[in-house]
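Worksheet: the structure to be examined is printed underneath.
From a predicted model like this one, the values you see are computed outputs, not experimental measurements.
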Amino acid sequence: SAHELFHLIQYRFMNPTPNKSKKVGYIVDQMLREGSASYVSDFTKISVSGSYVDFSKKDYERNFRRMESNFALFESLIYQAKYDSDANVDLLYNIGLSGMYQSPLYYVGYHMIKLIEKYNGREELINLLKQSPKNFILVYDKLCIKHKNTDKDFISLSKSSIKILELLNN
């Protein structure tokens, strides 16, 4: 699928994935990789029908409806990854990024990408994807602060989440 092909392209221009021992960095990196692949292969923009396409469209629509909860889950996962030394990153990954729960963090990344492209353009979006995921999310946060009163699509991240993300090494 286009989603999986985009993952191959990501290896050519995105930074390497952090080691799983860097739990927060790993979760954020995976969220951004899966979110950008989901954005590129957006099944909601396909007019044809079929069992896989219809299944995927329902997955997108379900996650779009619960976006605020998806963001809350993202924040919970990075909080646990940061402050629980016993947290198992593979379990955190499964909760947010596997099909076990319809991959909610895919759509957090998708949502951030959509809004960054809307306000900063595709060229800036591509440039950000080449940088640290930390920079990407901090740009999203600045856009959110600037536009959240006029664009209800923005979902704010908590101050504690931003602080966790600011502490990530590039």
Query raised in the report: How are the rings of Tyr79 and Tyr83 set to each other: parallel, tilted or perpendicular (split at 30° and 60°)?
Result: tilted
**Report entry** Gap separating the CZ atom of Phe136 from the CD1 atom of Ile116, nearest 0.5 angstrom
**Finding:** 3.5 Å
Query raised in the report: What pairs with Asn120 under side chain to side chain donor-acceptor pair (under 3.5 Å), at least two apart in sequence or on another chain?
Result: none
Requested in this report: Kindly say whether Phe13 contributes a backbone atom to a donor-acceptor pair with the side chain of Lys130 at under 3.5 angstrom?
Outcome: no
Query raised in the report: Taking only residues at least two apart or on different chains, which pairs with a member in residues 40-59 satisfy ring-ring contact (aromatic ring centres under 6.0 Å, His included)?
Result: Phe43-Tyr52
Query raised in the report: Looking only at atom types and distance, does a side-chain atom of Lys57 sit under 3.5 Å from a main-chain N or O of Ile46, one as donor and one as acceptor?
Result: yes
Report task. Go through Lys22 and Asp29 one step at a time and tell me if the salt bridge (charged side-chain N to carboxylate O under 4.0 Å, His left out) criterion holds. Result -> CA-CA 10 Å; Lys22 297 181 181 204; Asp29 174 83; over 6 Å; no
Query - Leu32 CG to Asn135 CG distance, which is reported to the nearest 0.5 Å - result: 11.0 Å
**Report entry** Sequence-distant partners of Tyr106, ring pair (Phe, Tyr, Trp, His ring centres under 6.0 Å), two or more places apart
**Finding:** His3
Query raised in the report: Is a donor on one side and an acceptor on the other found under 3.5 Å between the side chain of Lys20 and the backbone of Val89?
Result: no
Query raised in the report: Looking at Phe71 versus Phe154, is the centre-to-centre ring distance below 6.0 Å?
Result: no
Query raised in the report: Does the pair Lys148/Asp153 count as a salt bridge with the N-to-O cut at 4.0 Å?
Result: no
Query raised in the report: Is it true that a side-chain atom of Tyr60 and a backbone atom of Ser38 form a donor plus acceptor pair closer than 3.5 Å?
Result: yes
Query raised in the report: Does a donor on one side chain and an acceptor on the other come within less than 3.5 Å for Ser36 and Gln10?
Result: yes
Query raised in the report: Just by modelled atom types, is the Gln102 backbone N or O under 3.5 Å from a matching donor or acceptor in the Asn63 side chain?
Result: yes
Query - Parallel, tilted or perpendicular: ring planes of Tyr39 versus Tyr110, cut at 30 and 60 degrees - result: perpendicular
